[in-house]
Amino acid sequence: MKRKQPAFAGHPLDRADPVRGDPARLAELAHAEARLLRLEGLIPRLGEDRRLQWDRLGDAPPGAETVFLGLLDGEALFAAVPQEGDPDPAYTRRETWAALGHLPPEELALYGGARSLLDWHARHRFCPQCASPTVLAKGGWQRDCTGCGAQQFPRTDPVTIMLVEHRGNLLLGRKAGFPEGSYSALAGFIEPGETIEEAVAREVFEEAGVLVRDVSYIASQPWPFPSQLMIACHAHADDDKVTIDKTELEDARWFTREEVAEALNKGPESTSFRAPFAIAVANHMLRWWLEKDDE
Ligand SMILES: [Zn+2]
């Protein structure tokens, strides 16, 4: 059975790496009539058709850095770096959040990739090594330091997010800031020196006091707020005793298959719990979990 991809997957552009490293080819593509993604800061400005809109590269704000997003059917697409980045979560930006719900999957992926890249540029204008100003290079897929010459590359931060299963039930948790009744998969950043499997086991034990084994991979999702790679995993627990770290979680408990199905199918009307947003990888994971035993 072919499953749907998580939201923000399926980027439609040819990333065209040879073009990035070819200044002459880039200059040729970056003519005034080339397409520039319409944004206000990092917020997408949709048309009446609720699709992404494009302006002319010649109308980019004077002095703004522009990045080469890639090629769509041979045509180069660009976006301008805003004055300021935005490290806040998506749901704190109502306009962005509303726009995301309208975009078709390929445009969601295109916007997500552009947002992560633009936000990185806006927040990396100085060298972490010598504090001199940095300048955009390779069409926007690198920044070079004007002082020491160090090169910086757009970052992606790996995060594990996991479904922990014990005798057909799933462990889900809620943080204090979650909407009322919402539960989701436990998650945490991978630390230096850790494998994916080790990060899954550490996070589940830290947050819920549950020991897990047999960690397996489900899917991944580029999450552009600001630039995480969500690595979705499944793991087994031998014991259902939960010891919650209250500094991390408000609650964590086991849910039955029926409760998970109700949360996904009934949305806000669900009496079991509120499932994660449709664009969150956790929502995709819960659907995967319900379907996997039906195959
Ligand atoms: Zn430097």
Side-chain angles (χ1 to χ4, degrees), residues 8-45 47 51-87 96 103 106-158 220 222-229:
F8 298 107
H11 197 275
L13 301 189
D14 171 359
R15 292 169 177 266
D17 186 62
V19 172
R20 298 173 185 172
D22 182 345
R25 179 77 183 119
L26 258 183
E28 204 175 271
L29 291 167
H31 54 80
E33 297 301 320
R35 290 207 279 166
L36 178 77
L37 183 60
R38 185 179 296 170
L39 298 168
E40 189 179 313
L42 288 166
I43 301 170
R45 286 285 168 233
R51 303 286 297 261
L52 295 175
Q53 300 295 300
W54 299 87
D55 296 319
R56 296 168 62 249
L57 183 58
D59 295 331
E65 294 177 314
T66 54
V67 302
F68 166 63
L69 298 176
L71 299 172
L72 186 63
D73 301 326
E75 186 187 0
L77 303 181
F78 294 86
V81 179
Q83 285 295 313
E84 292 179 0
D86 180 9
T96 301
L103 292 176
E106 68 280 5
E107 290 204 344
L108 195 57
L110 194 161
Y111 168 71
R115 188 190 198 280
S116 282
L117 184 60
L118 296 170
D119 179 69
W120 175 79
H121 279 289
R123 293 194 288 129
H124 290 78
R125 298 189 201 272
F126 295 93
C127 177
Q129 209 156 261
C130 77
S132 298
T134 58
V135 291
L136 182 148
K138 282 198 107 181
W141 296 86
Q142 185 177 315
R143 291 191 79 84
D144 293 342
C145 175
T146 55
C148 71
Q151 298 175 334
Q152 309 295 328
F153 301 93
R155 62 183 289 169
T156 295
D157 299 311
S220 68
W223 182 251
F225 303 100
S227 58
Q228 292 89 319
L229 178 66

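Counting begins at 1 with the first residue of the sequence.
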Write down the atom of [X], the atom of [Y], and the distance for their closest heavy-atom approach.
| X | Y | value |
| --- | --- | --- |
| A76 | A34 | O-CB, 4.5 Å |
| L37 | A114 | CD2-CB, 4.0 Å |
| A16 | L71 | CB-CD1, 3.8 Å |
| F8 | L108 | CD2-O, 3.4 Å |
| S116 | P224 | OG-CA, 3.3 Å |
| A122 | P82 | CB-O, 3.7 Å |

Backbone N or O of [Y] within a donor-acceptor pair of the [X] side chain at under 3.5 Å?
| X | Y | result |
| --- | --- | --- |
| D119 | D86 | yes |
| R123 | G85 | no |
| T66 | A80 | no |
| Q142 | G140 | no |
| T134 | R125 | yes |
| T146 | P133 | yes |

Straight-line distance of [X] [atom1] to [Y] [atom2], nearest 0.5 Å:
| X | Y | atom1 | atom2 | value |
| --- | --- | --- | --- | --- |
| L229 | D157 | CG | CG | 9.5 Å |
| Q152 | C145 | CD | SG | 8.0 Å |
| L118 | L42 | CG | CG | 6.0 Å |
| L29 | R35 | CG | CZ | 13.0 Å |
| S132 | D144 | OG | CG | 12.5 Å |
| L77 | L69 | CG | CG | 6.0 Å |

Item to complete: Step by step, work out the side-chain contact (heavy atoms from CB on, under 4.5 Å) result for D59 and L36.
Response: CA-CA 8 Å; D59 295 331; L36 178 77; 5.7 Å; no

Has [X] got more than 12 heavy atoms of other residues, nucleotides or ligands less than 6.0 Å from its [atom1]?
| X | atom1 | answer |
| --- | --- | --- |
| R155 | CZ | no |
| D73 | CG | no |
| E84 | CD | no |

Worksheet entry | CA sep, side-chain torsions, deciding dist, call: K138, D17, side-chain contact (heavy atoms from CB on, under 4.5 Å) | CA-CA 9 Å; K138 282 198 107 181; D17 186 62; 4.3 Å; yes

Fill in: Intermediate values then yes/no, side-chain contact (heavy atoms from CB on, under 4.5 Å), L52 and L103
CA-CA 8 Å; L52 295 175; L103 292 176; 4.0 Å; yes

Would you list the atom pairs, donor with acceptor, under 3.5 Å between side chains in residues 18-25 and any protein atom, with sequence neighbours excluded?
residue	atom	partner	partner atom	Å
R20	NE	R15	O	3.2
R20	NH2	R15	O	3.4
D22	OD1	A24	N	3.3
D22	OD1	R25	N	3.1
R25	NH1	E28	OE2	2.6

Worksheet entry | Beyond-backbone contact of P154 with S227, side-chain heavy atoms, under 4.5 angstrom |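 When only atoms from C-beta onward are counted, S227 and P154 do not touch, as no gap falls below 4.5 Å.
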
Discussion item. For residues 121-151, which residue pairs pass the ring pair (Phe, Tyr, Trp, His ring centres under 6.0 Å) check, not counting sequence neighbours?
Written reply: W120-H124

Worksheet item: Hey, what's the ring geometry for F68 with F78, parallel, tilted or perpendicular (30° and 60° as the breaks)?
Response: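 If you compare the ring of F68 with that of F78, the planes turn out tilted.
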
Fill in: Results of side-chain contact (heavy atoms from CB on, under 4.5 Å) for R45 - residues two or more places apart only
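R45: side-chain contact (heavy atoms from CB on, under 4.5 Å) contacts with R38, E40, I43, E95.
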
